[in-house]
Amino acid sequence: MSELLHFAEHRLQEAALVVMAIVYVSRLYWLTRFPAGKERQAPTGLGDTNSRKGFIYSWGNVAMPWAMESSRMKPFLYGQFVLFHLGVVAAIALSFVIPYAPGLLDSSLLVTVFRVTILAALLVGVARIIRRASDVYMRKISTPDDYFSLLLLTVWFFFAFLSVPNKSDAGEWHLLTYFVLTAFFLIYVPFSKISHYLYYPFTRYYLGKSLGRRGVFPLRRMRHPEAERS
Amino acid sequence: MSNNNTRSHRAHKVIERMGKKLNRQMVGSLVACVHCGMCTDSCHYVLTNPGDPTYAPAYKADQIRKFFKRHYDWTGRVLPWWVKARSLYTDEDLEQLKDTVFGKCTNCRRCTVNCPMGVDYPTVNRMARGLLVSVGIMPEGVAVVSKDQWEIGNQMGVLKEDYLETLEWLSEELEGELEDPAAVIPIDKMDADVVYSINPREVKYDPRTISDAAKIFYSAGENWTMPSEGWDMTNFGLFSGDDDLGGAVARRLYDKVEELRGKKLVISECGHGYRSTRCEGQNWGKVDVGFEMESSVVTMLRYIKEGKIKVDKSRNTQPVTFHDSCNNARSCGMTEEPRELLSLVTTDFREMYPNRAENYCCTGGGGAMSMSEYTPRRLKSAKVKADQLAATGATVVVTSCHNCVDGLGDLIKHYKLNMQVTQLVNLVANALVVEKKLAVAVPVMPTEAAAPLAGVTILVADDEPDFVTFASTVLEDNGATVLKAYNGNEAFAIAHSGKPDLITLDISMPGKSGTEVFEELRNDPALKAIPVCIITGKPELRKLIYERAVLPPEGYIDKPASEEALLLNVRRILDHVHHRTSA
Ligand code: SF4
Ligand code: SF4
């Protein structure tokens, strides 16, 4: 391993992680400086739910595609969402496995799991780029940051896929690119839309807390077989 | 803040005030959108305007988000073009924002429950409305209704004497119908168990809902009252985003209940009224109240369950469906109680799909009914709801919201659906078994009751021959002499020659419009005392209420009008005028 790659796998990642942590903390501080809206009224609804149930349901929503019409009616997009985020988890995990526990990649099973997961995410990334650029609604709401973040992740998946076996027989360029991209990613994330995972628990907590108190969450609905099919 | 020199005063104020309005939840919704587009199809505006992305919830939210980012978020401050951040500069920018936040969203919250990130766009939209209102930029209807609620105390400008006279008249009717001197509408009774608050629409257009509720309270043996002031449970602050108005209106009602030492405030069937009074008012007004609050739906259900009233569901056999008001379902969790009540008072209930918190807006929510400039857009977006209604096969749609009654009524007419809109209170009252008191043999009706309009001459002015025939038959069957006019010029001429005791006047007529005829009648010394009941199939034309160059009309009826509504309103107006002249 070259010194440059070693630097990219270790010092660069650590520095990037520190920067990300500092920016995240300051972001959270900024958010909490805004006063939280208060609900003074007595709870409404049937009494079989409350704020606590509301925010737990709200947090769990992401894993309940049936709970929201938008994901229920678009299983293909929901599937893409799952694959894409599994790919993110795999690619992040890989950036720790390679420098700190490379032995794990001796397992061909684990290598296959990493490769399949990341490849699937890569394909979803391509599909998402096409959707964002071709769908009239998506185009209208997209910013340069949306395109760049998606492109960045898709390219990152590509290099993560190439880096999975952690082999440098044919050169280190793919590993080097992967780790440089990872570091850039860590620094760029807090300033971009990718930081949504920082906000996700936050927004869903407040929404769930409020709608739980109001008896709205967990949502109730009566299914109509035909309506569900159409 | 940059470019203050090139920014209009109003734009400057909007940006400055945004900082004071933002709370943590709003900021969360402003920063968390990932532009995934999952919410797009959840909006009725999108579904009815295919290919037009400016209706997409995320796009609409971005119109607010862009100036939030430019001034309050770091990336937008440093690299505005990267996240499409842009400040507001001119009044034209504000007008464009007005078009989005008032004209392209009913704040129904359907996109909220469909956003995986938990972005609550309607809350942010309401905040933006409030910012625009604070600098005087809003649809005219919003300005007028807000003014009425600030100054007169209710959003339809009902004067106290008119309100009290209507209650008195309804009380007398009730006493006569139930043949019991105790069957009255008590006003300002101290220490009542229930203080009943209503929507001013009930006084203006739908007094039957008040008398039906009174009948139910009477039958349940309730110790109840209605307040003489602070009785309006609606709150335009919810629609205009003006928290000060919202708080003041809510406090007015709370203070009155406390003054009367009422134990419970019962809120009549109105989605935005219920949400404002029960769920938001204390937050806007920053007050805590020491009494309970309940929707009249829950009250009626309780009465049946506790055996306080008896109902016979076989009296409501028409196929009915239920429309969930957005405010009740998505902001207050009231979805099951109305269905349970319906199952007790009707025999043929058909569910609408989607329903409950996934239901589509009536498309008249968020104050849309008062913004006539957006009516074509509203009616176009109502296609979704019209299809939903038609698919049920029901002939009656029930809703626990006065705003939805108007919104649904309007779209039913527009899309020519064979349906009527009603409320639970009407169905419960119709199914009500009033033991003994109503079971007494129907007495021989005195001549006046058999022909309650005997000796009365009424001019029916309407360009729809069907309506003229319908109204004439109903009125003549009740003893009235009917004069008929089919256009505005004819109406005015017949009013002169026939000197009727009452004129029912359609607003949209060929030639001279009903509005012009109305103003001419009011300005003619010989005719100005004749009471006028405005009849319209377009609720937004009720601008007559607001444009007060002349005295307002004595009553209003929505088309399609039922026989009952027509008679009830005509009798109320005549009774009212009789009281006025004999006083
Ligand atoms: S679903 Fe939520 S995150 Fe996605 S575009 Fe709509 S508001 Fe934004
Ligand atoms: S609140 Fe309702 S009307 Fe407004 S954008 Fe969302 S779905 Fe559309």
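Every heavy atom of this structure was used, including side-chain atoms; hydrogens, water molecules and symmetry mates were not. All of these numbers come straight from a predicted model, not from anything done at the bench. Proteins get letters first, then strands, A, B, ... in listed order; numbering begins at 1 in each.
- With a 4.5 Å cut-off on non-hydrogen atoms, A/Lys38 touches chain B through its backbone but not through its side chain.
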Query raised in the report: Would A/Ile141 and B/Lys60 satisfy side-chain contact (heavy atoms from CB on, under 4.5 Å), going step by step from the backbone distance to the final call?
Result: CA-CA 9 Å; A/Ile141 59 176; B/Lys60 291 181 277 192; over 6 Å; no
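- Of the atoms belonging to B/Ser295, not a single heavy atom falls under 4.5 Å from chain A.
- Looking at B/Arg339, there are no atoms closer than 4.5 Å to chain A (heavy atoms on both sides), in backbone or side chain.
- B/Ser29 touches chain A through its backbone: at least one of N, CA, C or O sits under 4.5 Å from a heavy atom, while the side chain does not.
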**Report entry** Criterion salt bridge (charged side-chain N to carboxylate O under 4.0 Å, His left out) on A/Arg27 and B/Asp73, from CA distance to verdict
**Finding:** CA-CA 10 Å; A/Arg27 195 64 174 160; B/Asp73 197 14; 2.5 Å; yes
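- Salt-bridge check for B/Lys84 with A/Asp145: failed, with every basic side-chain N at 4.0 Å or more from each acidic carboxylate O.
- Taken to the nearest 0.5 Å, the NE2 atom of B/His35 stands 8.0 Å off from the CZ atom of A/Arg132.
- A pairwise comparison of heavy atoms in B/Ala357 and A/Val216 identifies CB-CG1, 4.4 Å as the closest pair.
- Most heavy-atom pairs under 4.5 Å with chain B, from the set A/Arg213, A/Arg33, A/Arg131: that is A/Arg131.
- Between A/Tyr137 and B/Thr40, the shortest heavy-atom distance links the atoms CD2-CG2, 3.7 Å.
- The candidate from B/Pro116, B/Ala56, B/Gly37, B/Ala58 with the greatest count of non-hydrogen atom pairs under 4.5 Å with chain A is B/Pro116.
- Ranked by heavy-atom pairs shorter than 4.5 Å toward chain B, the options A/Thr49, A/Ile194, A/Val136 are led by A/Val136.
- Using a 4.5 Å cut-off between heavy atoms, A/Pro43 contacts chain B through its backbone alone, with no side-chain atom that close.
- Minimum interatomic distance between A/Phe34 and B/Arg24 (heavy atoms only, all atoms of both residues): O-NE, 2.9 Å.
- For B/Asp52, the part sitting under 4.5 Å from any heavy atom of chain A is the backbone (N, CA, C, O) and nothing else.
- Using bins of under 30°, 30° to 60° and over 60° for the plane-to-plane angle, the ring pair A/Phe191/B/Trp74 lands in the tilted bin.
- With a threshold of 4.5 angstrom between heavy atoms, B/Arg110 approaches chain A through side-chain atoms but not through N, CA, C or O.
- For B/Met334, no part sits under 4.5 Å from any heavy atom of chain A, backbone or side chain.
- By the 6.0 Å contact criterion, CZ on A/Arg139 is enclosed, its count of non-hydrogen atoms from other residues, nucleotides or ligands being greater than 12.
- For A/Ser58, no part sits under 4.5 Å from any heavy atom of chain B, backbone or side chain.
- A donor-acceptor distance shorter than 3.5 angstrom exists from the side chain of A/Lys74 to the backbone of B/Met38, with no hydrogens or angles considered.
- Counting heavy-atom pairs closer than 4.5 Å to chain B, the top residue among A/Leu31, A/Thr143, A/Leu198 is A/Thr143.
- Using a 4.5 Å cut-off between heavy atoms, B/Cys36 touches chain A through its backbone atoms (N, CA, C, O) alone.
- Panel note: side chain B/Gln25, backbone A/Gly37; a donor-acceptor pair is recorded below 3.5 Å.
- Across B/Glu294, B/Glu280, B/Met26, B/Lys286, the residue that shares the most heavy-atom pairs under 4.5 angstrom with chain A is B/Lys286.
- Neither the backbone nor the side chain of B/Arg65 has a heavy atom closer than 4.5 Å to any heavy atom of chain A.
- Annotation for A/His196 and B/Met117: closest pair O-CE, 3.4 Å, computed over non-hydrogen atoms.
- For the options A/Met68, A/Arg40, A/Lys140, heavy-atom pairs under 4.5 Å to chain B are most numerous at A/Arg40.
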Report task. Decide salt bridge (charged side-chain N to carboxylate O under 4.0 Å, His left out) for A/Arg220 and B/Glu358; before the verdict, give the C-alpha distance in whole Å, the side-chain angles of both, and the deciding distance to 0.1 Å. Result -> CA-CA 9 Å; A/Arg220 291 166 226 272; B/Glu358 291 189 344; over 6 Å; no
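- Nearest heavy atom pair, residue A/Trp30 against residue B/Tyr72, reads CZ2-O, 3.1 Å.
- Listed for the B/Asn114 side chain is a donor-acceptor partner under 3.5 Å among the backbone atoms of A/Ser70.
- Within the 4.5 angstrom heavy-atom criterion, atoms from both the backbone and the side chain of B/Asn283 approach chain A.
- Between A/Thr203 and B/Ala32, the shortest heavy-atom distance links the atoms CG2-CB, 3.6 Å.
- For chain A, the nearby part of B/Val287 is the backbone; its heavy atoms alone come within less than 4.5 Å.
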Report task. Evaluate the criterion side-chain contact (heavy atoms from CB on, under 4.5 Å) for residue pair B/Arg278 and A/Thr44; output intermediate values, then yes/no. Result -> CA-CA 8 Å; B/Arg278 174 68 177 81; A/Thr44 45; 3.3 Å; yes
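- For A/Tyr200, the parts lying near chain B are the backbone and the side chain together; criterion is any non-hydrogen pair under 4.5 Å.
- Contact annotation for B/Ala329: only backbone heavy atoms (N, CA, C, O) come within less than 4.5 Å of a heavy atom of chain A.
- Only the side chain of A/Asp146 comes within less than 4.5 Å of a heavy atom in chain B; its backbone stays farther off.
- The contact between A/Leu207 and chain B is made entirely by side chain atoms (from C-beta outward), counting heavy-atom distances below 4.5 Å.
- Between chain B and the residues A/Tyr188, A/Tyr147, A/Tyr197, the most heavy-atom pairs under 4.5 angstrom are made by A/Tyr188.
- In terms of heavy-atom pairs under 4.5 Å with chain A, the best-connected choice from B/Val31, B/Leu22, B/Asp288, B/Val113 is B/Val31.
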